[in-house]
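Here the structure is a predicted model, which is why all the values come from computation and not from measurement.
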Amino acid sequence: MAYYYLSLGTNIDPEVNSAKMLNLLLKEFGALVSYPFIYTQPEKIESPHIFLNSVAIVLSSLDKVSLKAHLNAIEISLGRDRDDPDRSIKDRPADIDILGVNDCLDIDYFANFTEPYINICDRDKGDFVDMRPFGLPRTEGPTPIHFDAGSGNISVLDEAINRLEDWHKAALVTQ
């Protein structure tokens with residue numbers, strides 16, 4: 001088992017596709033640590049469409065290659081053409097990248113990256129996008145969430161950062 005640190009982004013119908021992306025991740029992994037979404041300007045592509053980005057942490061027994069195949073399948077299910085050689089410079093309904101992998105849950109892991117949306121915990125809370133209209137819970141920082149397959153609902157386990165690791169591990173153990 002390893003913790004995978006993921007980057008999430010979309011600039012095609014971004015609020016709807018972000019919610020769909022997170023829901024599909026929850027259905028795949030049962031529980032994850034979700035960070036707030038934030039709007040960002042396109043980088044490395046020319047587009048008038050703003051991006052909605054976030055990061056998440058999942059625990060998986062899959063190796064990195066197998067996990068990436070699962071993430072690509074989620075992107076494809078949301079309409080991304082993974083066979084297009086220009087896909088990295090085009091607008092996209094879903095983009096999920098593996099930023100890194102670690103054998104323990106480390107909230108500070110994202111500090112290793114410079115993209116502004118990755119280090120959103122240090123940002124003014126006014127920058128966070130309220131995703132409640134799209135079926136996601138409001139979060140002000142890293143939040144362990146769980147998909148209850150019986151009810152089809154997403155549950156916030158706890159928003160207290162000092163208990164994040166305990167809650168996340170507990171949620172993953174009870175799957």
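We find the CG-NZ distance between D13 and K20 to be 7.0 Å, quoted to the nearest 0.5 Å. In this structure, N72 CG and L67 CG are separated by 9.5 Å, a value rounded to the nearest 0.5 Å. Here the CG atom belonging to L59 is positioned 5.0 Å from the OH atom belonging to Y3, to the nearest 0.5 angstrom. Distance check, rounded to the nearest 0.5 Å: CG of D95 to OG of S7 gives 6.5 Å. From N23, atom CG reaches atom OG of S18 across 11.0 Å, with rounding to the nearest 0.5 Å. If you take NE2 on H70 and CG on L25, they are separated by 12.0 Å, rounding to the nearest 0.5 Å.
When hydrophobic clusters are built by joining Ile, Leu, Val, Met, Phe, Trp and Tyr residues whose side-chain heavy atoms come closer than 4.5 Å, directly or via intermediates, V101 is grouped together with V58. A chain of hydrophobic side-chain contacts below 4.5 Å, direct or via other Ile, Leu, Val, Met, Phe, Trp or Tyr residues, connects I96 to Y39. Linking Ile, Leu, Val, Met, Phe, Trp and Tyr residues whenever their side-chain heavy atoms come within less than 4.5 Å places L62 and I98 in a single cluster. In the hydrophobic clustering of ILVMFWY residues, with side-chain heavy atoms under 4.5 Å counting as a link, I74 and I12 come out apart.
Y4 pairs by the ring-ring contact (aromatic ring centres under 6.0 Å, His included) definition with nothing, not counting sequence neighbours. For E75, the salt bridge (Lys or Arg N to Asp or Glu O under 4.0 Å) partners are R80, R82, not counting sequence neighbours. With sequence neighbours left out, the salt bridge (Lys or Arg N to Asp or Glu O under 4.0 Å) criterion links D84 to K90. Taking N102 as the reference, Y5, C104, D106, Y109 meet the side-chain contact (heavy atoms from CB on, under 4.5 Å) condition, with sequence neighbours excluded.
Smallest separation of non-hydrogen atoms from N17 and P93: CB-O, 3.2 Å. S47 and P42 get closest at one heavy-atom pair: O-CG, 3.5 Å. Nearest heavy-atom pair, L99 versus F113, reported as atom, atom and distance to 0.1 Å: O-CZ, 3.5 Å. When all heavy atoms of L32 and A56 are compared, the pair lying nearest together is CD1-CB, 4.3 Å. In terms of heavy-atom proximity, D63 sits nearest to S66 at OD1-N, 2.9 Å. A pairwise comparison of heavy atoms in A94 and L78 identifies CB-CD1, 3.8 Å as the closest pair.
When hydrophobic side chains of Ile, Leu, Val, Met, Phe, Trp and Tyr are connected at separations under 4.5 Å, I76 ends up as a singleton with no cluster partners. Other members of the hydrophobic cluster containing I89, listed by chain and number, are I45, F51; membership follows side-chain contacts under 4.5 Å among ILVMFWY residues, whether direct or relayed.
Using a 4.5 Å heavy-atom cutoff, the side chains of M1 and D103 are not in contact.
A donor-acceptor contact shorter than 3.5 Å links the side chain of N53 to the backbone of L8. Looking at N11, its side chain does come within 3.5 Å of a backbone N or O of R92 through a donor-acceptor pair.
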